Structures are given as structure tokens and as C-alpha cells.
Amino acid sequence: MVSEIGPGLLVLVGLHESDTDSDADYICRKVLNMRLFTNESTGRGWDQNVMQRNYEVLLVSQFTLYGVLKGNKPDFHVAMPPQKAKPFYESLVDKFRKAYRPDAIKDGVFGAMMKVNLVNDGPVTMQLDSSQSSKSTNVETGRTIN
């Protein structure tokens, strides 16, 4: 087991070849501030973010989010190349750790084949695009288990 979280967000991170630091800042800010959770004291839904609930975040690099089918074969030409994506992804993880509690931010192994288990609570799945162009990050509420 590489990483595990309790209640919180599983964030599948797709990096586009044109992503910049401002895209990473946007995604970090949005993921941490999205009001996806019920306020337990008021019962009001869609009222609290991951930080207000003291939940965790698991970041998983997922270049296949930028796959398109050419015939029957996937093509990932718009995904950021691995040699550029790895340091970019690592800097994104650092942004999350600086913006929230470092111990609440977990990640997988960049470029590795992984088995990711998810208990999708709700289920709620959101797709975020950074403000510069059509970028992709999938966020799911729940927790990973093995």
C-alpha cells in the first residue's frame, strides 16, 4: 500500500501539455474550497469544503484523462510528456500541502501502475477545468480502502 486516506477527496489529476503554474494554483484552490459536504451541525447540504471537515485529499496522476480515441486506439498526445509532468505533478502536490495540512495530502507513485480502490460516498464526482483552457481533473468524494 502506497497511500490511503479516510473520508475526503480522491483527485485524479490529468496534466495537459500546456498547463502552467496558474493552472495548478486554480486546481488547488478549487479542490480545497469546493463545498461538497453536508454541514453536520446544520444539516445543510453542499455547505462545507474538505478543510472545514478536516478531511484528507489523495492526489493520483492520471494522464489517461487526456486520451482520445483514434479509431479504436487511445492517443495521449495532448497529455503533458512524463519528463515534464513528473516535476509539475510534484509541485502540484506541494501546493496542496502548503495550502492545507501537509499530513492530510497524500499521493500515489507517479507513472506507476496502481490499483486504486474507492468508496464513493454519495456518489459525487466533479470535473474541474483550469481557467486557461479545457483541462481536466476528476474529484470524487469518498475514501480509498484495500
Side-chain angles (χ1 to χ4, degrees), residues 1-69 74-76 78-132 134-146:
M1 170 126 19
V2 173
S3 287
E4 175 181 36
I5 64 170
L9 299 176
L10 168 61
V11 181
L12 303 176
V13 180
L15 299 176
H16 190 273
E17 65 184 350
S18 66
D19 275 341
T20 65
D21 281 337
S22 62
D23 292 304
D25 291 339
Y26 173 85
I27 292 298
C28 180
R29 184 176 64 252
K30 280 298 195 185
V31 166
L32 293 177
N33 289 289
M34 287 187 302
R35 294 184 298 157
L36 300 175
F37 303 100
T38 299
N39 183 325
E40 291 183 352
S41 62
T42 65
R44 187 172 169 198
W46 308 103
D47 191 45
Q48 291 189 316
N49 64 43
V50 71
M51 296 183 294
Q52 290 169 310
R53 293 298 296 268
N54 204 29
Y55 283 174
E56 297 173 298
V57 177
L58 175 59
L59 301 165
V60 177
S61 63
Q62 187 73 31
F63 77 95
T64 60
L65 289 172
Y66 281 107
V68 293
L69 287 178
D75 180 346
F76 305 105
V78 297
M80 188 179 287
Q83 63 275 17
K84 182 179 171 191
K86 184 175 183 181
F88 191 91
Y89 172 75
E90 290 169 351
S91 73
L92 178 66
V93 172
D94 286 341
K95 285 179 191 295
F96 272 86
R97 288 185 174 140
K98 288 175 182 168
Y100 187 31
R101 295 186 352 253
D103 63 310
I105 306 299
K106 309 288 194 237
D107 68 324
V109 177
F110 182 88
M113 291 295 293
M114 293 178 278
K115 292 182 190 226
V116 179
N117 295 307
L118 164 71
V119 175
N120 201 340
D121 188 10
V124 175
T125 302
M126 306 295 296
Q127 181 171 331
L128 299 179
D129 293 334
S130 63
S131 55
Q132 278 63 50
S134 181
K135 308 292 188 331
S136 189
T137 300
N138 286 328
V139 178
E140 301 187 51
T141 63
R143 59 190 175 111
T144 57
I145 57 172
N146 252 350

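Quick note: residue numbers are just sequence positions, from 1. All figures in this text were calculated on a predicted structure; none of them were measured in a lab.
For P87 against P82, the heavy-atom pair with the smallest separation is CD-O, 4.5 Å. Residues D47 and Q52 approach most closely at O-OE1, 3.9 Å, considering heavy atoms. Scanning both residues, L9 and I5, for their nearest heavy atoms gives O-CD1, 3.5 Å. V2 and V109 get closest at one heavy-atom pair: CG1-CG2, 3.7 Å. Closest heavy-atom contact between S3 and G108: OG-N, 4.4 Å.
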Q: Test V50 against E56 for side chain to side chain contact (heavy atoms under 4.5 Å, CB included), laying out the working first.
A: CA-CA 7 Å; V50 71; E56 297 173 298; over 6 Å; no
Q: Might you work through the side chain to side chain contact (heavy atoms under 4.5 Å, CB included) test for N54 and R101, ending with a clear yes or no?
A: CA-CA 9 Å; N54 204 29; R101 295 186 352 253; 2.4 Å; yes
Q: Show the numbers, then the answer: is there a side chain to side chain contact (heavy atoms under 4.5 Å, CB included) between D75 and L69?
A: CA-CA 6 Å; D75 180 346; L69 287 178; over 6 Å; no
Q: For K86 and Y89, run side chain to side chain contact (heavy atoms under 4.5 Å, CB included): C-alpha distance rounded to whole Å, both residues' side-chain angles, the deciding distance at 0.1 Å, then the answer.
A: CA-CA 5 Å; K86 184 175 183 181; Y89 172 75; 5.9 Å; no
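Residues V78 and H16 meet the side-chain proximity criterion, which asks for heavy atoms closer than 4.5 Å. Looking only at side-chain heavy atoms (C-beta outward), N49 and L36 stay at 4.5 Å or farther from each other. In this structure the side chain of L32 reaches within 4.5 angstrom of the side chain of V57, judged on heavy atoms. For the pair V13/V60, no side-chain contact is recorded, criterion being any heavy-atom separation below 4.5 Å from C-beta on.
Distance alone, capped at 3.5 Å, places no donor-acceptor pair between the T38 side chain and the G43 backbone. Looking at D23, its side chain does come within 3.5 Å of a backbone N or O of T20 through a donor-acceptor pair. Between the N120 side chain and the P123 main chain, no donor and acceptor come within less than 3.5 Å of each other. No side-chain donor-acceptor contact under 3.5 Å links D19 to the backbone of L15.
Residue-environment remark: CE (M34) exceeds the threshold of 12 foreign heavy atoms within 6.0 Å. Heavy-atom contacts from other residues, nucleotides or ligands closer than 6.0 Å to CZ of R35 number 12 or fewer.
Interatomic distance, Q48 CD to N39 CG, rounded to the nearest 0.5 Å: 4.0 Å. Rounded to the nearest 0.5 angstrom, L12 CG and L128 CG are separated by 11.5 Å. Taking CZ of F37 as the start and CH2 of W46 as the end, the distance is 9.5 Å to the nearest 0.5 Å. Rounding to the nearest 0.5 Å places CG of N117 at 10.0 Å from CD of E4. Expressed to the nearest 0.5 Å, how far CG of L58 lies from CG of L118 amounts to 9.5 Å. If you take CD on E17 and CZ on F76, they are separated by 14.0 Å, rounding to the nearest 0.5 Å.
For the side-chain hydrogen bond (donor to acceptor under 3.5 Å, both in side chains) test, residues two or more places apart in sequence or in another chain that qualify with E40 are R53.
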Acceptor/donor pairs from residues 91-98 side chains to any protein atom, 3.5 angstrom cut, sequence neighbours excluded:
unit_1, atom_1, unit_2, atom_2, d
S91, OG, F88, O, 2.7
K95, NZ, D25, OD1, 2.8
R97, NE, I105, O, 3.3
R97, NH2, I105, O, 3.2

